[in-house]
Amino acid sequence: MRFAHLGQSPRIHPDAVVAPTAVVSGDVTIGAGCQVLHGAVVTAEGGPVTLGEHVIVMENAVIRASATNPVHIGDHTLVGPMASISGATVEEEVFLATGVRVFNGAVIGARSEVRINAVVHLRTHLPERSVVPIGWVAVGDPAIVVPPDKHDEIWARQQELDFPGYVFGLDRDTPDLMVQLTERYGRSLSRHADDEPLP
């Protein structure tokens, strides 16, 4: 399913294959030889999404750009089933395994591996040929890679990266943070009410 969003339509190379149950919405460019499998969602929420050549987006993966954080995925990269990439840059020949989460402003260097259920946090920069082990967390710039049971260490680095401020423009100490966040984000997402299905 393809949709025009905010006046932008997807551009899909004729050699790419997009499954009929995948959703591609807005300012999305999909390069030659790409495969976007069933249930995947590739959506440009105000900023562009670019998939290079021979990128594989597996079942139920979600790739989402924002107005402040576009998405670029380099050539010969695999995005595993149920992975989620929001507003990040992924360089070429990267393996993102099943259930990986990559957050806004992150950069993953070429030929890196982010293994099953691992997380690359907001504004984290992984150098070329990095490995994030199964279930581990990469956070910061320069990145540290730690097991998930090191919550205090992760939180110390993550807190300074300011997720609500960077992604939603809201101070973490706002008394009604979730009220403001959901109303502001909901208004932004409501722009999909005018999306147009494309043939």
Side-chain angles (χ1 to χ4, degrees), residues 1-12 18-30 36-51 57-73 79-90 96 98-108 114 117-124 137-139 151 154-155 157-199:
M1 301 172 65
R2 300 171 194 184
F3 294 91
H5 176 62
L6 300 177
Q8 298 284 331
S9 297
R11 294 163 306 284
I12 300 171
V18 176
T21 60
V23 173
V24 182
S25 176
D27 187 6
V28 174
T29 301
I30 297 177
V36 180
L37 303 185
H38 290 284
V41 176
V42 183
T43 183
E45 303 284 343
V49 175
T50 305
L51 306 185
V57 180
M58 296 189 71
E59 293 88 353
N60 301 313
V62 176
I63 299 172
R64 176 190 307 271
S66 71
T68 53
N69 292 114
V71 171
H72 174 79
I73 299 180
V79 179
M82 297 176 289
S84 174
I85 302 169
S86 294
T89 297
V90 180
L96 302 175
T98 299
V100 161
R101 303 291 183 255
V102 181
F103 289 93
N104 299 62
V107 176
I108 299 177
V114 183
N117 292 327
V119 174
V120 179
H121 262 295
L122 179 84
R123 297 195 287 171
T124 294
V137 178
V139 61
H151 177 268
I154 295 166
W155 179 242
R157 296 292 296 272
Q158 185 183 2
Q159 192 169 8
E160 68 190 34
L161 297 175
D162 185 23
F163 186 87
Y166 187 75
V167 175
F168 298 106
L170 294 168
D171 188 277
R172 182 179 297 281
D173 295 326
T174 302
D176 60 348
L177 175 63
M178 289 308 297
V179 171
Q180 289 195 41
L181 188 153
T182 54
E183 289 183 6
R184 179 182 293 187
Y185 195 39
R187 281 191 300 273
S188 173
L189 293 173
S190 71
R191 298 179 298 181
H192 283 288
D194 298 323
D195 287 2
E196 298 174 23
L198 299 169

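Throughout, residue positions are numbered sequentially from 1 according to the sequence presented.
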* So H5 and H192, would you call those rings parallel, tilted or perpendicular, with 30° and 60° as cut-offs? ->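 Rings of H5 and H192: parallel, under 30°.
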* Taking the six-membered ring for Trp, are H121 and F103 parallel (under 30°), tilted (30 to 60°) or perpendicular (over 60°)? ->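 It falls in the parallel class, under 30°.
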Which heavy-atom pair separates [X] from [Y] by the least distance, and what is that distance?
| X | Y | value |
| --- | --- | --- |
| T21 | G39 | OG1-N, 3.4 Å |
| A106 | V120 | CB-CG1, 3.9 Å |
| V49 | A65 | CG2-CB, 3.6 Å |
| G47 | A44 | O-CB, 3.0 Å |
| A22 | V36 | CB-CG1, 3.9 Å |
| A40 | V57 | CB-CG1, 3.9 Å |

* Could you walk me through whether F3 and V24 pass side-chain contact (heavy atoms from CB on, under 4.5 Å), step by step? => CA-CA 6 Å; F3 294 91; V24 182; over 6 Å; no
Are [X] and [Y] side-chain neighbours, meaning at least one heavy-atom pair lies under 4.5 Å?
| X | Y | answer |
| --- | --- | --- |
| D195 | S25 | yes |
| P81 | N60 | no |
| N104 | S66 | yes |
| M82 | V100 | no |
| V62 | I85 | no |
| V18 | I30 | yes |
| V28 | P48 | no |
| R101 | V114 | no |

Find the distance between [atom1] ([X]) and [atom2] ([Y]) and round it off to the nearest 0.5 Å.
| X | Y | atom1 | atom2 | answer |
| --- | --- | --- | --- | --- |
| E196 | S9 | CD | OG | 8.0 Å |
| L51 | I73 | CG | CD1 | 5.0 Å |
| T29 | H72 | OG1 | NE2 | 11.0 Å |
| T89 | I108 | OG1 | CD1 | 9.5 Å |
| F168 | S188 | CZ | OG | 9.5 Å |
| L37 | M58 | CG | CE | 6.0 Å |

* **CA sep, side-chain torsions, deciding dist, call: V23, T43, side-chain contact (heavy atoms from CB on, under 4.5 Å)** => CA-CA 8 Å; V23 173; T43 183; 6.0 Å; no
* Cation-aromatic face contact R123/Y166, 6.0 Å, 45 degrees ->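 Satisfied, under 6.0 Å and within 45°.
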* Asked: Does atom CZ of R2 have more than 12 heavy-atom neighbours, drawn from other residues, nucleotides or ligands, at distances under 6.0 Å?
  ->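 Counting neighbours around CZ of R2, 12 or fewer heavy atoms of other residues, nucleotides or ligands fall under 6.0 Å, so no.
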* Report the residue from L177, D176, T182 that forms a side chain to side chain contact (heavy atoms under 4.5 Å, CB included) with Q180. =>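 Answer after filtering L177, D176, T182: D176.
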